[in-house]
Every structure is written in structure tokens, then in C-alpha cells.
Trainee: 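First, the structure itself, so that you have it in front of you.
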2 protein chains.
Amino acid sequence: MAETARRTVNRYGNRPTMKDVAARAGVGLKTVSRVVNGEPGVTPDTERRVQEAIEALGFRRNDSARVLRKGRTASIGLVLEDLADPFYGPLSRAVEEVARAHGALLINGSSAEDPEREQELVLALCARRVDGLVVIPAGDDHRYLEPEMRAGVATVFVDRPAGRIDADVVLSDSFGGARDGVAHLIAHGHRRIGFIGDMPRIHTAAERLRGYRTAMEEAGIEVEDGWMSLGVTDPERVRRAAEEMLSAPTPVTAVFAGNNRVTVTVVRVIAERGRPVALVGFDDIELADLLRPGVTVVAQDAAALGRTAAERLFRQLDGGLIVPERIELPTRLITRGSGEIPPAV
Amino acid sequence: MAETARRTVNRYGNRPTMKDVAARAGVGLKTVSRVVNGEPGVTPDTERRVQEAIEALGFRRNDSARVLRKGRTASIGLVLEDLADPFYGPLSRAVEEVARAHGALLINGSSAEDPEREQELVLALCARRVDGLVVIPAGDDHRYLEPEMRAGVATVFVDRPAGRIDADVVLSDSFGGARDGVAHLIAHGHRRIGFIGDMPRIHTAAERLRGYRTAMEEAGIEVEDGWMSLGVTDPERVRRAAEEMLSAPTPVTAVFAGNNRVTVTVVRVIAERGRPVALVGFDDIELADLLRPGVTVVAQDAAALGRTAAERLFRQLDGGLIVPERIELPTRLITRGSGEIPPAV
DNA sequence: TAGAGCCTGGACAACGTTGTCAGATGCGGG
DNA sequence: CCCGCATCTGACAACGTTGTCCAGGCTCTA
């Protein structure tokens with residue numbers, strides 16, 4: 001009796017297995033497998049008996065075992081910086097939709113912009129044998145991924161390119177977008193334009209800085225050191241940087257903000273100071289149109305980034321595509337007012 | 001020769017297994033396992049040989065097989081409505097952090113507010129044998145989860161309670177928050193107050209409506225039909241609803257918005273009309289403090305919801321907790337201006 | 001030096017599924 | 001009545017790992 005009880009208890013609580021279903025239905029193990037997977041070659045009567053047994057026992061196939069046998073997990077991993085950042089929510093959702101369309105589940109992880117944590121996450125995902133990876137890299141050396149990619153893990157980088165390996169990557173045109181944004185300010189008469197951005201070791205930050213420099217250079221403006229603030233990322237430091245630029249003896253008359261978080265803080269600072277200062281931000285932000293003035297931004301399409309990357313990933317998995325490619329999506333300048341303010345006299 | 005080659009190729013590309021490592025290091029299979037898992041009982045010299053073989057072959061343990069053997073997957077599932085919604089980003093991130101602290105990975109899925117899709121997702125996660133589930137329910141009948149929970153899948157519902165089953169749930173105090181918000185408007189002299197919210201079949205929407213009704217009743221105000229708009233969710237319909245309320249012969253002088261998306265649209269409508277209308281919204285929104293007037297909101301702490309739920313989940317997994325509990329987190333009224341506008345004469 | 005006890009290493013089964021293959025069954029025709 | 005064929009079914013191995021258990025070699029003590 002205790003014997004019987006023990007036999008039905010396994011490590012997953014006491015989930016029935018195909019064996020249990022087979023026993024109850026009075027059929028062989030493989031027949032249950034056939035029914036569960038809708039394979040042909042089962043008489044309606046047998047199928048009914050099996051279905052009843054499944055129902056009665058509450059059987060649910062163990063995909064872990066299935067995965068082990070089949071070799072494909074039907075899951076992909078997404079490693080991004082911070083799921084709480086409004087930029088990554090839509091990106092993640094877009095990846096998920098594509099995965100869903102391919103019958104795959106999405107495992108999500110945040111690297112918190114820490115290269116070590118990125119690697120740890122990626123390798124954990126590889127150990128799970130995800131079929132593919134979409135990575136928004138935090139680090140700049142991804143050689144640790146080479147064995148995995150050789151072993152068949154499809155990999156696409158998004159938002160920033162991979163470091164020191166050759167891999168697919170989907171990017172926004174950070175350089176072009178920043179250049180356009182800064183040129184927009186210049187076209188409205190500004191010459192002393194500040195730039196506040198993230199650490200230049202982050203590819204997008206470096207590219208946007210390059211766009212800023214290029215636009216300035218093209219206009220024949222020499223950039224002064226005090227106009228640029230790099231590597232500031234937390235609101236408090238962004239605030240200080242903005243205030244310094246705006247309070248200098250010859251203050252900047254316009255600011256280009258390198259990403260959504262910077263933009264938000266700069267908007268705050270400007271609002272507090274009362275004096276109008278022109279502003280163009282990289283990344284669109286919600287409600288930007290309702291502020292007075294509306295915030296002019298260089299918008300990138302996060303969902304499109306995610307979708308494009310995921311589609312590319314599944315194309316890798318479906319067979320083709322040996323040559324890694326770099327796909328660049330355009331940005332869009334959205335004028336709403338803040339970028340069209342003329343320089344203070 | 002072909003024989004040898006074939007032997008090293010398995011279904012995962014050609015990943016080495018512990019067997020391969022063992023062969024190369026000239027030790028037994030189990031010894032490799034011991035090294036990989038840091039188990040005691042291996043001489044330093046043997047360990048070194050094994051490590052070298054692992055390095056040379058690029059071996060990475062197959063967690064699928066491990067999971068099958070051990071019964072725990074060290075992964076939990078999170079089913080929410082839409083990862084792109086700024087409310088769920090921080091929630092998801094909070095769950096992820098807790099999972100990470102417990103060495104677990106997070107599998108994410110969006111139900112798109114579709115009960116069928118929710119069930120499909122949940123069952124897919126159960127088939128993967130996730131150790132636990134955090135669910136923001138879309139449907140109102142979760143009896144399909146009973147066998148899973150009996151089988152030992154830890155389950156916590158968030159934001160809305162489970163339907164027709166007894167399960168842990170972590171909520172914000174929607175009723176109290178809405179009542180406070182509406183009472184705030186009443187305290188500022190309003191009597192004709194509109195309510196725009198989601199479908200009442202969604203628990204939070206129903207509770208917020210109840211809070212609205214209660215506050216009105218407590219103030220002795222009889223609510224007119226035209227003041228309430230339920231089940232509108234897409235921006236276009238919210239817009240129409242708001243405009244109707246504000247253009248009626250005896251228009252409402254204040255609006256209570258039932259969630260973040262409604263609030264945003266109502267802010268737009270009010271801004272376009274020029275006439276000041278009082279507004280209190282449920283859920284905080286970014287930049288709400290920078291609008292003129294600032295948007296007064298009833299804020300809930302999405303991260304706290306996620307964290308609390310995840311911690312509860314792992315406490316379930318760690319053994320204790322048989323009695324399902326309902327945990328309600330308080331909301332916070334943040335006054336910023338829009339809720340303090342007096343009624344138009 | 002023999003025996004006890006400890007430490008290291010390896011053979012083997014098991015986890016729950018799927019693929020292979022061969023056996024059983026039923027049916028029609030010669 | 002038996003043979004051949006098609007259809008359905010089940011036994012068995014394999015996926016890559018971990019848990020159990022035992023063998024062999026070593027040290028230490030009497």
C-alpha cells in the first residue's frame with residue numbers, strides 16, 4: 001500500500017507521467033506519446049481511452065524531458081539592460097510577439113549595465129540550451145560567446161554591436177540621429193550647444209557624441225570642453241552637469257540630451273530655472289507633446305528594433321544566413337517646440 | 001574515422017557532454033559531474049585534469065538534463081498583460097531581481113488581456129515545469145490551475161485576485177485609493193465628477209469604480225449615468241468619453257481616471273480644450289510633475305507589488321505557507337495641482 | 001604486517017520523453 | 001483455410017545529467 005503510494009510520487013510533487021497514463025488506459029507508453037503529440041496511427045477508440053486517462057490523472061507533458069530528447073527548447077533568451085526602462089518594455093514585448101509566432105517562450109534577464117552580469121546571464125541561458133539569444137550588450141568583449149555560437153546558438157545583438165566577435169546586430173542610427181538633432185539646433189541659430197550623454201564605452205553613447213561633434217564641425221563651431229558631459233547617468237549628476245553648463249560665464253543656449261533619462265532630468269532643470277533653453281533629446285518620451293514647450297526629440301523605434309532582431313534570429317534558426325549582417329534603422333526627428341527655441345540674447 | 005566524428009556530434013550542434021570530458025581527462029563520468037558541481041572528493045590533480053578538458057572542449061553543462069534529473073528548474077514564470085505598459089516594466093524587473101537572488105531565471109509572457117492566451121501561457125510554463133508562477137490574471141476562472149498547484153507549482157497572483165480558486169494574491173488598495181482620490185476632488189468643491197475606467201470584469205477596474213461610488217455616496221452625491229464610462233480602454237474611445245462628459249449640458253467639473261492610459265488621454269483632451277478641469281488619475285505617470293498643472297494621482301508601487309509577490313512565491317517554495325493570503329499594499333495620493341483645481345463656476 | 005577505516009573514483013540506474021523497429025492483429029483474396 | 005499486406009501497438013534504447021553504491025588503494029594503528 002505504502003509501496004503503491006510511493007510509486008506514484010515523483011519529484012514534481014506527484015505528477016503523473018506518460019507511464020501512469022499508459023497503465024491507466026491499459027496501453028503502451030508510446031501510444032500515449034502518440035496521442036499527446038497528435039501522431040497518426042491510433043484508433044479512435046484507443047485515443048479516447050488515452051484521453052480519458054489523461055483527463056482523469058491531470059497529466060501534462062513534461063517539456064523538460066521532451067527538450068532533452070529533441071534538442072530544441074523552443075525558448076529564446078533576451079538579455080537587456082533594465083526591463084524597467086520605458087525604452088526596453090516595448091522592445092521586449094516585440095521580441096516576445098515574434099517568439100510567440102514561432103511557438104517559442106521568452107526568458108528575460110536584466111544585466112543592469114554590468115558586463116559580468118551580462119555574461120553570467122548569457123551563459124546561464126546557454127546552459128538552459130535556449131535556441132537563440134537576443135542580447136543588448138553591456139560589455140565590450142563577447143568572445144566568450146564564440147563556442148556557443150559555433151555550437152548552434154543563434155545570436156543577434158541589438159542596440160549596440162557585439163565586441164570582438166562577428167555577429168548579427170540591429171541598431172538605430174545613433175550617429176545620424178544625433179547629427180540631425182544637433183544640426184536642427186544649429187539651424188535655429190544656436191552655436192553654444194551642450195551635450196550630456198552616457199559613458200562613451202557604451203556604443204550608442206559614443207556614436208551620439210560623434211554625431212554631435214560632426215554636426216558642430218560641419219557648422220564650423222569649435223566645441224569647448226565645458227559643453228560636454230560624458231558618463232553621467234544618475235539623475236543627480238545629470239542635474240549638476242546641466243546646471244553647470246547653463247550657469248557658466250558664457251552658458252550654452254541649447255542642450256542635446258543623449259538618452260531618455262538624461263532628457264527627463266534636463267527638462268526638469270530647465271523648467272526650474274525659468275529661462276528658456278533649447279533642448280533636443282535622443283529617444284522619445286511619453287507625454288513629451290504635452291509639456292510646454294513640447295520636447296523635440298530624435299525618436300528611435302524600440303519595437304522595430306526588437307522585432308527586426310527577433311525575426312533575424314528565427315531566420316538564423318530556420319537555416320539560412322551564415323554571414324553576419326549589420327542592420328541600421330533610421331531615427332526620426334520630432335519637432336515639438338523645445339528644439340525650435342532661438343538662442344537667448 | 002567517420003565513426004569517431006559522428007560520435008562527437010549530437011543534436012545540440014556538437015556540444016561536448018560530460019562523457020566527452022571524462023574520456024578526454026581519462027576519468028569517470030561521475031568525477032566530471034563532481035568537479036562541475038563543486039562536490040567534494042576529488043583530488044586537486046584530478047580536478048585540474050578535468051578542468052583542462054572542460055576548457056579545451058568548451059564544455060557547458062546541459063541544464064535541461066540536470067532539470068530532468070533534479071526536478072527543480074530554477075525558473076519561474078511571470079504572466080502579465082503587456083510588458084510594454086510602463087506599469088509592468090518595473091513590476092517585472094522587481095520579480096526578476098528576487099528570482100535572481102534565489103538563483104532562478106524569469107520566463108516572461110504577455111496575455112494581452114486575453115483569458116485564453118493567459119491560460120495557454122500558464123500551461124506552457126507548467127509544461128516547462130517552472131517552479132512557480134506569478135500571474136497577473138486576465139481571465140476570471142483559474143480552476144485550470146488547480147491540478148498544477150496541487151502538483152506543487154507555487155503560485156501567486158498580483159494586481160488582481162484569482163478567479164474561483166483559493167490562492168495567494170498581492171494587490172494595491174484600488175478601492176481605498178479611488179475613494180481617497182474622489183474624496184479629494186469632493187473636498188475641493190466638486191460634485192459633478194466623471195469616472196472613466198476599464199471593463200468592470202477586471203477586478204481593479206471594478207474596485208476603483210466601487211471606490212468612486214462609495215466616495216460619492218459618502219458625500220451624499222447622486223451619481224448620474226452620463227458621468228461614468230466603463231470598459232473604454234483604447235485612446236480613441238477614452239477621448240470620446242471624456243469629451244462627452246465635458247460637453248454635456250451640465251458637464252462634469254472633474255474627472256477621475258481609472259488607470260495610467262486613461263489618465264494620459266484625459267490630460268490630452270483637457271489640454272486641448274483650454275478650460276481647466278480638475279483631474280485625479282490612478283497610477284503615477286512619468287513627467288506628471290512637469291505638466292502644467294501637475295497631474296494629481298493615486299500612485300501604486302508597481303515594484304513593491306512585484307517584489308512582494310515574488311518573495312511570497314519563494315517562501316512557498318521554501319516550504320512553509322499553506323494558507324493562501326491576500327496582501328493589500330496601500331496607495332498614495334500625490335497632489336500636484338490638477339486635483340486641486342476648483343470647479344468652474 | 002594485518003586489519004580497520006578513510007578517501008577517491010567509477011559503474012550503473014534513473015529522471016520522462018521520443019525514435020526505431022519489430023510484433024500483433026485484422027482483413028481480404030486465392 | 002492460409003497467406004500476404006496494411007494497420008496499429010508496444011518494447012527498448014537513447015537524450016545528458018545526478019544519486020547510489022561499491023571497489024580499490026591508501027594510511028594508520030595494534
Side-chain angles (χ1 to χ4, degrees), chain A residues 6-50 53-54 57 59-74 126-129 151-152, chain B residues 6-50 53-54 57 59-74 126-129 151-152:
Chain A
R6 180 132 26 89
R7 193 139 32 92
T8 67
V9 171
N10 63 31
R11 64 198 64 239
Y12 297 104
N14 54 358
R15 278 176 179 284
T17 69
M18 284 192 177
K19 203 165 147 189
D20 300 322
V21 175
R24 171 147 186 152
V27 302
L29 182 55
K30 180 63 203 190
T31 300
V32 177
S33 172
R34 272 192 271 262
V35 171
V36 170
N37 294 295
E39 288 171 26
V42 182
T43 39
D45 181 59
T46 309
E47 170 156 7
R48 194 185 42 73
R49 284 215 318 283
V50 172
I54 289 177
L57 295 172
F59 167 80
R60 192 104 54 212
R61 180 178 66 195
N62 184 334
D63 275 356
S64 289
R66 176 167 220 253
V67 154
L68 179 60
R69 191 67 232 264
K70 304 208 81 154
R72 279 281 175 105
T73 58
C126 288
R128 296 292 169 104
R129 296 294 188 269
Chain B
R6 181 132 25 88
R7 194 142 30 90
T8 67
V9 171
N10 63 31
R11 63 198 65 239
Y12 297 103
N14 54 358
R15 278 178 180 281
T17 69
M18 285 193 176
K19 203 164 148 189
D20 300 322
V21 175
R24 171 149 187 150
V27 303
L29 182 55
K30 179 65 204 192
T31 300
V32 177
S33 172
R34 272 192 273 261
V35 171
V36 170
N37 294 296
E39 287 171 27
V42 183
T43 38
D45 182 59
T46 308
E47 169 155 9
R48 194 185 41 73
R49 287 213 319 284
V50 171
I54 288 177
L57 295 172
F59 167 80
R60 192 102 58 209
R61 180 178 63 195
N62 183 333
D63 275 354
S64 289
R66 175 166 221 252
V67 153
L68 179 59
R69 191 66 231 266
K70 304 206 80 154
R72 279 279 175 108
T73 59
C126 288
R128 296 290 170 105
R129 297 293 187 268

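Below, read A as the first sequence line, B as the second, and so on, with proteins coming before strands; counting in each chain starts at 1.
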Trainee: Could you tell me the separation between the NZ atom of B/Lys19 and the P atom of C/dA11, rounded to a whole number of Å?
Mentor: 11 Å
Trainee: Please work out if B/Gly41 contacts a base, only the sugar-phosphate, or nothing of the nucleic acid, heavy-atom cut-off 4.0 Å.
Mentor: sugar-phosphate
Trainee: Over how many whole Å does the gap from B/Asp20 atom CG to D/dC15 atom C1' extend?
Mentor: 13 Å
Trainee: Take atom CD1 of B/Ile54 and atom P of D/dT17, then tell me their distance rounded to the nearest Å.
Mentor: 10 Å
Trainee: Is there a side-chain contact between A/Ser64 and the phosphate of C/dC15, meaning an N or O under 4.0 Å from OP1 or OP2?
Mentor: no
Trainee: Determine the contact category for B/Val36: base if any of its heavy atoms lies under 4.0 Å from a base atom, sugar-phosphate if only primed atoms, P, OP1 or OP2 are that close, otherwise nothing.
Mentor: nothing
Trainee: Give the nucleotide from the list C/dC15, C/dT18, D/dT9 with an atom nearest to the side chain of A/Arg61.
Mentor: C/dT18
Trainee: Measure from CG on A/Asn62 to C1' on D/dT17 and round the result to the nearest Å.
Mentor: 14 Å
Trainee: Do the side-chain N and O atoms of A/Asn37 and A/Arg61 include a donor-acceptor pair separated by under 3.5 angstrom?
Mentor: yes
Trainee: How close or far is atom C1' of D/dG16 from atom CG of B/Leu29, stated in whole angstroms?
Mentor: 8 Å
Trainee: Check B/Val42, B/Val27, B/Val21 against B/Val35 for a side chain to side chain contact (heavy atoms under 4.5 Å, CB included) and give me the one that passes.
Mentor: B/Val42
Trainee: Just the rounded figure in Å: distance from P of C/dT18 to CZ of A/Arg72.
Mentor: 17 Å
Trainee: If you find the nucleotide of DNA chain C closest to B/Ala65 and the one closest to B/Pro40, which residue's nucleotide is nearer the 5' end?
Mentor: B/Pro40
Trainee: Have a look at A/Asn37 and say if it touches a base, only the backbone sugar-phosphate, or nothing, with a 4.0 Å heavy-atom cut-off.
Mentor: sugar-phosphate
Trainee: Of the non-hydrogen atoms in A/Arg49 and A/Gly26, which two are nearest, and what is the gap between them?
Mentor: NH2-O, 3.9 Å
Trainee: Counting only side-chain heavy atoms from C-beta out, which of C/dT18, D/dG10, C/dT8 sits nearest to A/Val27?
Mentor: D/dG10
Trainee: In whole angstrom, what separates B/Arg15's CZ from D/dT17's P?
Mentor: 10 Å
Trainee: Choosing from D/dT9, D/dT17, C/dG16, which nucleotide comes nearest the side chain of A/Thr31?
Mentor: D/dT9
Trainee: Give me, pair by pair, the N or O atoms of the protein and of nucleotides 19-26 of chain C that are less than 3.5 Å apart, along with how far apart they are.
Mentor:
unit_1, atom_1, unit_2, atom_2, d
C/dG19, N7, A/Lys30, NZ, 2.9

Trainee: Round to the nearest Å and state the distance from B/Arg66 atom CZ to D/dT17 atom P.
Mentor: 11 Å
Trainee: Grab the two heavy atoms, one from A/Leu29 and one from A/Met18, that are nearest each other, plus how far apart they are.
Mentor: CD1-CB, 3.4 Å
Trainee: Working to the nearest 0.5 angstrom, can you tell me the gap between B/Asn62 CG and A/Arg128 CZ?
Mentor: 11.0 Å
Trainee: Regarding B/Asp20 and B/Arg24, does a basic nitrogen lie under 4.0 Å from an acidic carboxylate oxygen?
Mentor: no
Trainee: Looking at C/dC15, I'd like to know if its phosphate oxygens (OP1 or OP2) sit under 4.0 Å from a side-chain N or O belonging to A/Thr17.
Mentor: no
Trainee: What are the two closest non-hydrogen atoms of B/Val50 and B/Ala25, and how far apart are they?
Mentor: CA-CB, 4.0 Å
